[in-house]
Amino acid sequence: AILRNLQSQLMVPALRCRTTGVDVTPAYNRFIVANRSTLQRANRRLLSQFRAGFGEDDAQAQYDEFATRLANGHSIDTTSARHCSEAVSLAEEGIAKGGGLWRLAEIGYRFRLRTPLPGGVCPSRGLDWLILDD
């Protein structure tokens, strides 16, 4: 969930910051390309948690609602040149992490991204659900 939140934290400024003179979109796109397989694995794992909690029929809708809430939460942040420059720096740091799951998660934890899951935390202990193939 922390990686989905990190992705949302970068996506919102990519959509909003053009009006500030700081275009986050190129950095966001490079972040997605550099981390695509890691983000996809993490999102598949998260979706499997939604399937376990909500059942096959409702999982996708619940996941989509969850992702929308994350993005909406980031959209209340002030859109300023400073905020947008910070988003570029964050994306570049994520690019430099080279697609490592733990390395990307560390960014989210350092920025204290709160990622409340519907129904509480994943059933596994601590952060071990993050370990997929890394």
Side-chain angles (χ1 to χ4, degrees):
I2 193 87
L3 296 187
R4 177 68 243 178
N5 200 352
L6 178 62
Q7 185 177 352
S8 294
Q9 183 181 8
L10 293 171
M11 179 188 61
V12 170
L15 297 172
R16 294 176 60 187
C17 285
R18 292 181 200 145
T19 60
T20 69
V22 179
D23 190 358
V24 178
T25 305
Y28 173 74
N29 289 339
R30 287 191 310 275
F31 171 84
I32 295 299
V33 168
N35 298 293
R36 183 177 315 278
S37 64
T38 301
L39 294 170
Q40 288 172 339
R41 283 192 332 257
N43 281 320
R44 280 192 305 267
R45 177 65 180 178
L46 184 57
L47 185 55
S48 74
Q49 294 293 333
F50 277 81
R51 283 187 188 109
F54 294 102
E56 192 65 39
D57 293 340
D58 293 331
Q60 188 65 54
Q62 291 293 329
Y63 174 85
D64 292 343
E65 183 179 320
F66 168 75
T68 299
R69 274 196 316 271
L70 288 176
N72 287 344
H74 291 296
S75 68
I76 63 171
D77 293 337
T78 303
T79 302
S80 65
R82 179 175 161 252
H83 175 75
C84 296
S85 294
E86 289 171 356
V88 169
S89 296
L90 181 60
E92 289 172 350
E93 182 179 353
I95 294 163
K97 296 294 183 179
L101 191 64
W102 281 106
R103 293 183 294 267
L104 290 175
E106 182 274 327
I107 295 171
Y109 287 107
R110 195 175 73 244
F111 282 91
R112 293 184 168 84
L113 292 179
R114 289 182 174 79
T115 312
L117 287 168
V121 298
C122 294
S124 54
R125 289 185 208 101
L127 301 177
D128 55 356
W129 65 273
L130 284 170
I131 302 173
L132 300 174
D133 295 321
D134 285 4

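Everything numeric in this text was worked out from a predicted model, so none of it was measured.
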Euclidean distance, T20 OG1 relative to H83 NE2, rounded to 0.5 Å: 9.5 Å
Heavy-atom pair of closest approach, residues L10 and A87: CD2-O, 3.4 Å
Can you pull out every disulfide bond (SG atoms under 2.5 Å apart) where at least one residue sits in residues 14-92? Sequence neighbours excluded, please. C17-C84
Rounded to the nearest 0.5 angstrom, the CD-CD distance for E93 and E106 is 6.5 Å
Could you grab the distance from atom CZ of R4 to atom OH of Y63, nearest 0.5 Å is fine? 4.5 Å
Closest heavy-atom pair, R16 versus H74, reported as atoms and distance to 0.1 Å, is NH1-O, 4.1 Å
For L101 versus A42, what's the shortest heavy-atom pair and its separation? CD1-CB, 4.2 Å
Is there a donor-acceptor pair under 3.5 Å between the side chain of N5 and the backbone N or O of A1? no
Which atom pair, heavy atoms only, marks the closest approach of P13 to Q9? CD-O, 2.9 Å
A side-chain contact here means heavy atoms from C-beta on lying under 4.5 Å apart; do L90 and L6 qualify? yes
What is the distance from atom CD of Q40 to atom CG of L47, rounded to the nearest 0.5 Å? 13.0 Å
What distance separates Q62 CD from Q49 CD, expressed to the nearest 0.5 Å? 14.0 Å
Does the side chain of Q60 reach to within under 4.5 Å of the side chain of D64, using non-hydrogen atoms? yes
If you measure from CG on N43 to CG on L3, what distance do you get to the nearest 0.5 Å? 8.0 Å
Start with the C-alpha gap between E86 and R82, add the side-chain angles, then the distance that decides, and say whether side chain to side chain contact (heavy atoms under 4.5 Å, CB included) holds. CA-CA 6 Å; E86 289 171 356; R82 179 175 161 252; 3.3 Å; yes
Under 3.5 Å, which donor-acceptor pairs do the side chains of residues 28-36 form with other protein atoms, sequence neighbours left out?
{"from": "N29", "atom 1": "ND2", "to": "T25", "atom 2": "O", "distance (Å)": "3.4"}
{"from": "R30", "atom 1": "NH1", "to": "P26", "atom 2": "O", "distance (Å)": "3.4"}
{"from": "N35", "atom 1": "OD1", "to": "G99", "atom 2": "N", "distance (Å)": "2.9"}
{"from": "N35", "atom 1": "ND2", "to": "F31", "atom 2": "O", "distance (Å)": "2.9"}
{"from": "N35", "atom 1": "ND2", "to": "G94", "atom 2": "O", "distance (Å)": "3.3"}

